[in-house]
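Per chain, numbering begins at 1; letters A, B, ... match sequence-line order. Keep in mind that this is a model prediction, so the values were computed, not measured.
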Amino acid sequence: MKLYEQFPISLTNSLSGKKEVFQPINPGHVGMYVCGPTVYSDVHLGNVRTFLTFDIISRYFRHLGYKVRYVRNITDVGHLENDADEGEDKIAKKARLEQLEPMEVVKNYTEGFHEVLRQFNMLPPSIEPTATAHIVEQIEITKRLIEKGLAYEVNGSVYFDVPKYNEAHDYGILSGRKIEDLMESGRKLDSQDEKRNKVDFALWKKASPAHIMRWPSPWGDGFPGWHIECTVMSTKYLGETFDIHGGGMDLKFPHHECEIAQAVGANGKDPVHYWLHSNMLTVNGQKMSKSLGNSFLPRELFAGTHSLLDKGYSPMTVRFFMLQSHYSSTLDFSNEAMQSAEKGFKKLAQALAYIKKVEVPKASVASELTTEMNRMAADCYTSMSDDFNSAKVSAVLFEMSARL
RNA sequence: GGUUCCGUGGCCGAGUGGCUAGGCUGAGCUCUGCAAAAGCUCCUACAGCGGUUCGAAUCCGCUCGGAACCUCCA
């Protein structure tokens, strides 16, 4: 009997908002896609939390005996500064500011990203595709969407027609948004806007003469939009329908909503069975983000050099700190919380070192203790299988260490 | 304004109808020549007001407070 049969996993599906029992499409196999970083700057601690969440989840699936294909992309193009129609490509901007080739920017920050994940003891994904390596596929799917009448070209750019899509499908299915509300609120469609509807989004953007990152397409030189890469890469490596799609809460809308629309529009079927969203890391109750200026980098945390920090903490302490909360809750960062985690982690590490040293004569151990340990071990599995409740597991681990 | 979600003891943070979460801090104790380390014990909460129920932190309603998303964001 496989472990996953003994401890079936249930997980909170953002699509339904409910906890569901995990049922893989192919028995014994799990296909999982997670939105990776856009490599135009250093990853900060908030980013780390998301990748750590899915590191744990993929490890746990494997541990239970599933064969996992874990795909996590690197976004090395796209993502404009402001919105659909204005602004500069983030990577191109960084390249201009630092007087580098875009590919140099991409390489720098990709390596930095990998280095950080290594420091936090995360395993690499099975496949790590990049957006620029899949331009052809992105053009193909864009063409298909035009053929199906769900996208239109204007001046060398191609947009997804959301209201058209919404006629036969439900655009707000993931985020609970209603298209009428979206049409009313927010930014107005100004006269120079190319989009037919304000809710439409770009699949392909025309490159201005100054734009460095550009590829030829049926619509002229340009670059892909920001949602299409994930649709292309996930379905290419995991199939038109796959098990799990993960990412940060802040990607739920519009990014993941658009992914669904593109995939359903192009392939005619729902791409993902289970959507998983990890919650934000906060500082003083506010989301850690670059634009708010309250983010800090892993190396600042290790060294304790950031002004918000009393002292430095090791990567494993940080990892433990994050695992003490549930991935779906916001986690507030503070010096007190880190100190608490440091002490707790040390305790568990000592207990583990002790176990490794002590020789346990199998049969002669007090059976009462053995029974109890087995019960607690099973508790760990039950908790992890219950929506990956690592916080609960840590409590059991402390209980175990107290019995040694 | 709309969507989603949250409000647990000094702090952090699990818990989704009945049973002690856990960690950190603090207090006391044990051990010890003193100290350190370690162990044990104690501090028993669920924003407020109603409702459902034999029974609610847990379900429903309202009020208050907070967050994320609606622009790039993990």
Any strand: nucleotide that pairs with [N] via Watson-Crick or wobble, under 3.5 Å:
N      : answer
C69(B) : G2(B)
C42(B) : G26(B)
A57(B) : none
C62(B) : G48(B)
A21(B) : none

Which nucleotide, [options], lies nearest any side-chain atom of [X]?
X       : options                : answer
F253(A) : C69(B), A74(B), A68(B) : C69(B)
S340(A) : C24(B), C70(B), A74(B) : C24(B)
A391(A) : G23(B), G13(B), A68(B) : G13(B)
A395(A) : C73(B), C69(B), G22(B) : G22(B)
D386(A) : G2(B), U16(B), C73(B)  : U16(B)
H326(A) : A14(B), A74(B), U25(B) : A14(B)
K178(A) : U3(B), G15(B), A74(B)  : U3(B)
L182(A) : C70(B), C73(B), G23(B) : C70(B)
R177(A) : G2(B), A74(B), U25(B)  : G2(B)
D181(A) : A74(B), G13(B), G2(B)  : G2(B)

Nearest-angstrom distance from the residue atom [atom1] of [X] to [atom2] of [N]:
X       : N      : atom1 : atom2 : value
M376(A) : A21(B) : CE    : C1'   : 14 Å
F388(A) : G13(B) : CZ    : C1'   : 20 Å
Q286(A) : C69(B) : CD    : C1'   : 14 Å
D332(A) : G7(B)  : CG    : P     : 14 Å
K18(A)  : U16(B) : NZ    : P     : 17 Å
H44(A)  : C73(B) : NE2   : P     : 12 Å
L276(A) : C5(B)  : CG    : P     : 15 Å
H255(A) : U3(B)  : NE2   : C1'   : 19 Å

Nearest-angstrom distance, [atom1] atom, [N] to [M]:
N      : M      : atom1 : result
G1(B)  : U63(B) : P     : 12 Å
U52(B) : G22(B) : P     : 34 Å
G39(B) : U32(B) : C1'   : 13 Å
C24(B) : U41(B) : P     : 14 Å
A74(B) : A27(B) : P     : 44 Å
G48(B) : C11(B) : P     : 15 Å
G55(B) : C40(B) : P     : 39 Å
A14(B) : G51(B) : C1'   : 28 Å

Under 3.5 Å donor-acceptor, S217(A) side chain and W219(A) backbone
yes
Sub-3.5 Å donor-acceptor pair from the side chain of D221(A) to the main-chain atoms of R214(A), do we have one?
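Answer holds: no.
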So what does [X] touch, heavy atoms closer than 4.0 Å: a base, only the sugar-phosphate, or nothing?
X       : result
G285(A) : sugar-phosphate
L281(A) : base
E336(A) : nothing
S325(A) : sugar-phosphate
M249(A) : nothing
S329(A) : sugar-phosphate

Let me spell it out: for each of G176(A) and Y327(A), pick the nucleotide of RNA chain B with the closest heavy atom. Which residue's pick is nearer the 5' end?
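In this pair, the answer is G176(A).
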Pairwise 5' ranking along RNA chain B for G17(A) and S334(A), keeping only the more 5' one:
G17(A)
Can you see whether [X] engages [Y] through a side-chain donor-acceptor pair at a distance of less than 3.5 angstrom?
X       : Y       : result
K290(A) : S41(A)  : yes
E342(A) : Y313(A) : no
N279(A) : R49(A)  : no
T75(A)  : N73(A)  : yes

[X] side chain near [N] phosphate (N/O to OP1/OP2, under 4.0 Å):
X       : N      : answer
K343(A) : U25(B) : yes
K252(A) : C70(B) : no
N389(A) : G15(B) : yes
K287(A) : A74(B) : no

F22(A): which of Y66(A), F7(A), Y60(A) passes ring pair (Phe, Tyr, Trp, His ring centres under 6.0 Å):
Y66(A)
Could you measure the distance from the CZ atom of F201(A) to the CD atom of E257(A)? Nearest 0.5 Å is fine.
9.5 Å
If I take atom CD1 from residue I146(A) and atom OH from residue Y152(A), how far apart are they, to the nearest 0.5 angstrom?
11.0 Å
